[in-house]
Amino acid sequence: MHAPTEDARAVELLRELGAAELEHPGGTLLAHLERVRAKLVQWEARPALQLAGLCHAFYGTDGFATALHPVERRSELAAVIGNEAESLVYFYASCDREASYPTLAEDDAVFHDRFTGETFTPSLSRRREFAELTVANELDIARINAEFRAKRGPDLLALFTGFRPLLSEQAWGECRTVLSHRG
C-alpha cells in the first residue's frame with residue numbers, strides 16, 4: 001500500500017479541522033479549496049502552489065477571517081504539505097490586501113504582512129504565484145456565485161488588469177471570460 005499523498009493528507013487535515021462543514025461564499029470551505037487547487041492544476045502551476053491553493057485559507061485571510069489553525073503553529077501544516085507550500089500559504093494569508101494590492105505588479109512592490117506588521121518587497125516569482133492564487137481564489141467564487149460576480153466582478157477585473165504582468169495566459173484569459181460584463 002502506498003503512503004497517502006500530500007494532497008490526501010492535506011484534505012484529511014482540512015476535514016479534521018472542519019473545512020467540510022464551514023460555510024463559505026463558494027459553498028463549503030473545503031469544496032472551494034479543492035476547486036482552487038484544481039484550477040491551479042489546470043493552469044499547470046507547480047506542485048507547491050497547487051498545495052498552497054488547497055490550503056490557502058488555513059490561517060484565515062484578509063477576505064475570509066475564519067482560521068482553521070493558529071498561525072503560531074505553522075510547523076504543523078508544513079509537516080503535511082512541506083515547507084515550500086506552507087510558506088506560500090502563510091504569504092497568501094498574511095497579505096494586507098488594501099495595503100499590498102495597489103503596487104503588487106510593480107518592481108518595487110511593498111507587501112504588508114498583516115500578522116507581523118512588517119513590510120518588504122517580495123521576489124517577482126513570489127508575486128506571480130500570489131497573483132495566480134488570488135485569481136484562482138476569486139474566480140472560483142465569481143464562477144459559482146452570481147451575486148458575488150455582479151457585486152465584485154468589475155472591481156476584480158480592474159484589480160486583475162493591474163496584476164496582468166504577473167499572470168499566466170490561462171489565468172488572464174479566465175479573468176476576462178468570468179468577469180466580463182454579460183449584460
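Computed over heavy atoms, backbone and side chain alike; hydrogens, waters and symmetry mates excluded.
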Query raised in the report: Angle class for the His56/Tyr92 ring planes (parallel below 30°, perpendicular above 60°, tilted otherwise)?
Result: perpendicular
Requested in this report: Assign the ring pair Tyr101 / Phe163 to parallel, tilted or perpendicular, where the plane angle (0 to 90°) is split at 30° and 60°.
Outcome: perpendicular
Under 3.5 Å, side chain of [X] to main-chain N/O of [Y], donor-acceptor pair present?
X	Y	answer
Arg114	Ala93	yes
Thr177	Gly173	yes
Gln50	Ala45	yes
Thr119	Phe111	no

Which atom pair, heavy atoms only, marks the closest approach of [X] to [Y]?
X	Y	result
Arg127	Ala109	CD-CB, 3.6 Å
Asp140	Arg35	OD1-NE, 2.6 Å
Ala19	Thr28	O-CB, 4.0 Å
Pro165	Gly162	CD-O, 3.5 Å
Val178	Ala142	CG1-CB, 3.9 Å
Ala52	Leu88	CB-CB, 3.6 Å

[Y] and [X], any side-chain heavy atoms less than 4.5 Å apart:
X	Y	answer
His24	Ile141	yes
His112	Asp62	no
Phe64	Leu22	yes
His69	Leu13	no
Leu68	Leu29	yes
Pro122	Phe130	no
Trp43	Leu167	no
Arg74	Tyr59	yes

Report task. Taking side chain to side chain donor-acceptor pair (under 3.5 Å) as the test, write out the residues that go with Gln170, two or more places apart. Result -> Ser168
Query raised in the report: Under the side chain to side chain donor-acceptor pair (under 3.5 Å) test, which residues partner Arg152, sequence neighbours left out?
Result: none
Could you state whether [X] and [Y] fall into the same hydrophobic cluster, counting links through intermediate Ile, Leu, Val, Met, Phe, Trp or Tyr residues with side-chain heavy atoms under 4.5 angstrom apart?
X	Y	value
Leu104	Leu133	yes
Phe120	Phe115	no
Leu49	Leu77	no
Leu139	Ile144	no
Val89	Val71	yes

Query raised in the report: Salt bridge between Glu34 and Lys39, side-chain N to carboxylate O under 4.0 Å?
Result: no
Can you tell me how far apart [atom1] ([X]) and [atom2] ([Y]) are? Round to the nearest 0.5 Å.
X	Y	atom1	atom2	result
Glu129	Leu124	CD	CG	10.0 Å
Leu166	Trp172	CG	CH2	11.5 Å
Leu156	Phe148	CG	CZ	5.0 Å
Glu76	Phe58	CD	CZ	7.5 Å
Asn137	Leu33	CG	CG	8.5 Å
Leu30	Leu14	CG	CG	6.0 Å

Report task. Mind running side-chain contact (heavy atoms from CB on, under 4.5 Å) on Thr116 and Ser94 for me, showing each step along the way? Result -> CA-CA 8 Å; Thr116 67; Ser94 73; over 6 Å; no
Query raised in the report: Would you say Arg15 has more than 12 foreign heavy atoms packed within less than 6.0 Å of its CZ?
Result: no
Report summary line: So salt bridge (charged side-chain N to carboxylate O under 4.0 Å, His left out) across residues 96-111, not counting sequence neighbours, yields Arg97-Glu138
Query raised in the report: Between Arg126 and Ser87, is a side-chain contact (heavy atoms from CB on, under 4.5 Å) present by the stated rule, with each step listed?
Result: CA-CA 10 Å; Arg126 183 55 57 111; Ser87 175; 3.3 Å; yes
